[in-house]
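Below is one structure, written out as structure tokens; comments come after it.
Values below: all heavy atoms of this structure, side chains included; hydrogens, waters and symmetry mates excluded.
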Amino acid sequence: MDVNEVNVASRPPILVNYFVAFLLYLGAAGIGLEMALWQQFAPLIWPPAGLALVLLMIGKLRMLPVVFLGAVTVRLFEGGGIPDAILFGAGYSLTAFISFWVLEKRFNFRSNLERIIDVSAFLFVGVLLAPVLSALITTGAIRLFTPDFCPDFIELFSVRWLSDALGVMVLAPFLLVWHSQTRINWRNDQG
């Protein structure tokens with residue numbers, strides 16, 4: 001094996017470089033904001049929710065500050081104040097952390113998504129349950145700091161949960177499988 005091959009193999013993926021991850025987070029937010037249904041008070045899909053989970057799955061807990069700062073920055077760009085931006089940052093980083101922790105510690109999650117248990121756990125935890133937390137926190141922040149924006153908590157919550165869940169469901173599997181360099185096979189090996 002060549003020395004250059006060893007150096008390339010030992011380098012962490014570019015995705016977990018703090019600066020690159022932060023820019024990707026902002027870019028994913030820009031895509032989400034471009035697809036926003038403002039009459040429904042939330043983007044149709046929120047890709048940063050999926051990217052946040054992927055950053056933790058690949059880069060572990062050291063990527064948590066990137067998620068927090070990315071969410072805070074996006075909220076500030078949207079016109080939010082510092083208190084609600086901090087709540088948004090806390091909501092998205094806490095949600096990503098809980099998803100990561102439950103998948104890693106409770107389900108022994110493999111990011112190549114080749115086992116049925118991995119896909120099932122990902123869908124149950126990452127898509128269905130964890131986005132409830134981010135939607136609750138961000139909806140609460142919006143209602144607390146800008147109550148005239150959307151008077152109906154349940155309507156705002158349901159749209160925010162759906163956009164976070166779709167962001168995780170669309171972006172995370174693609175990036176996780178791409179990172180793990182999974183080779184598609186059509187056997188039913190569940191070992």
Side-chain angles (χ1 to χ4, degrees), residues 10 12-18 20-22 24-25 28-29 32 42-43 45-72 74-75 86-141 154 157-191:
S10 65
I14 189 76
L15 185 64
V16 294
N17 174 291
Y18 294 119
V20 171
F22 182 74
L24 285 172
Y25 195 95
I45 180 173
W46 192 241
L51 183 61
L53 178 56
V54 169
L55 289 174
L56 292 184
M57 297 303 287
I58 295 171
K60 306 298 180 204
L61 294 179
R62 69 184 190 90
M63 298 307 291
L64 208 50
V66 172
V67 174
F68 178 80
L69 291 174
V72 166
V74 169
R75 184 64 183 155
I86 290 171
L87 282 174
F88 269 64
Y92 282 110
S93 55
L94 183 62
T95 299
F97 169 75
I98 289 172
S99 296
F100 163 75
W101 188 84
V102 170
L103 288 171
E104 289 278 318
K105 302 296 183 201
R106 298 292 177 211
F107 290 100
N108 195 24
F109 183 77
R110 294 184 196 165
S111 61
N112 59 13
L113 294 169
E114 288 184 334
R115 301 179 307 163
I116 294 294
I117 188 69
D118 296 328
V119 173
S120 301
F122 171 79
L123 289 173
F124 184 68
V125 174
V127 176
L128 293 177
L129 292 183
V132 168
L133 180 61
S134 61
L136 276 173
I137 293 171
T138 58
T139 300
I154 298 299
F157 167 79
S158 63
V159 173
R160 293 198 67 83
W161 171 81
L162 183 60
S163 67
D164 290 351
L166 285 174
V168 172
M169 188 169 65
V170 169
L171 193 61
F174 171 76
L175 289 175
L176 288 173
V177 170
W178 172 71
H179 173 261
S180 65
Q181 299 177 352
T182 301
R183 296 192 187 274
I184 302 297
N185 68 57
W186 296 103
R187 297 173 301 180
N188 192 14
D189 295 337
Q190 297 300 315

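Listed for the Arg106 side chain is no donor-acceptor partner under 3.5 Å among the backbone atoms of Ala121. In terms of modelled atom types and a separation under 3.5 Å, the side chain of Asp164 and the main chain of Ala49 share no donor-acceptor contact. Formation of a donor-acceptor pair under 3.5 Å by the Thr95 side chain with backbone atoms of Ser134 is found in this model. Between the Trp161 side chain and the Leu128 main chain, a donor and an acceptor come within less than 3.5 Å of each other. Side-chain atoms of Ser180 come within 3.5 Å of backbone N or O of Val177 as a donor-acceptor pair.
The two residues Pro65 and Arg62 make their nearest non-hydrogen contact at CD-O, 3.3 Å. The heavy-atom pair separating Leu94 from Ile137 by the smallest distance is CD2-CD1, 4.3 Å. Heavy atoms only, all atoms of each residue included: Tyr25 and Gly70 are closest at CE2-C, 3.3 Å. Contact between Gly126 and Ser99 at its shortest, heavy atoms only, is CA-OG, 4.2 Å. Across Val127 and Ala165, no two heavy atoms sit closer than the pair O-CB, 3.3 Å.
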query = Are Val132 and Phe157 close enough, and set up right, to give a side chain to side chain contact (heavy atoms under 4.5 Å, CB included), and what steps lead you there?
reply = CA-CA 8 Å; Val132 168; Phe157 167 79; 4.0 Å; yes
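Side-chain contact between Leu166 and Trp46 is absent, with no heavy-atom pair separated by less than 4.5 Å. By the 4.5 Å heavy-atom criterion applied to side chains, Phe22 and Asn17 are not counted as neighbours. Contact annotation: the side chain of Leu51 approaches that of Leu175 to within less than 4.5 Å [non-hydrogen atoms, C-beta and beyond]. Side-chain contact between Pro48 and Tyr92 is absent, with no heavy-atom pair separated by less than 4.5 Å. For the pair Val74/Phe88, no side-chain contact is recorded, criterion being any heavy-atom separation below 4.5 Å from C-beta on. With a 4.5 Å cut-off on side-chain heavy atoms, Val54 and Trp178 do not count as touching.
The residue from Val72, Val67, Ile98 that alone fulfils the side chain to side chain contact (heavy atoms under 4.5 Å, CB included) condition with Ser93 is Val67. Checked against Glu104 for a side chain to side chain contact (heavy atoms under 4.5 Å, CB included), the options Trp101, Phe107, Phe100 give a single hit: Phe100.
Annotation: the span from Leu55 atom CG to Leu64 atom CG amounts to 10.0 Å, rounded to 0.5 Å. The distance from the CG atom of Leu103 to the CG atom of Asp118 is 8.5 Å, given to the nearest 0.5 Å. For the atom pair Leu61 CG and Phe97 CZ, the distance stands at 6.0 Å (nearest 0.5 Å). Here Met169 contributes atom CE and Leu162 contributes atom CG; the two are 8.5 Å apart, rounded to the nearest 0.5 Å. Atom CZ in Arg160 sits 11.5 Å away from atom CG in Leu136 (nearest 0.5 Å). Note that CG of Leu53 and CG of Leu176 are 6.5 Å apart. Values are rounded to the nearest 0.5 Å.
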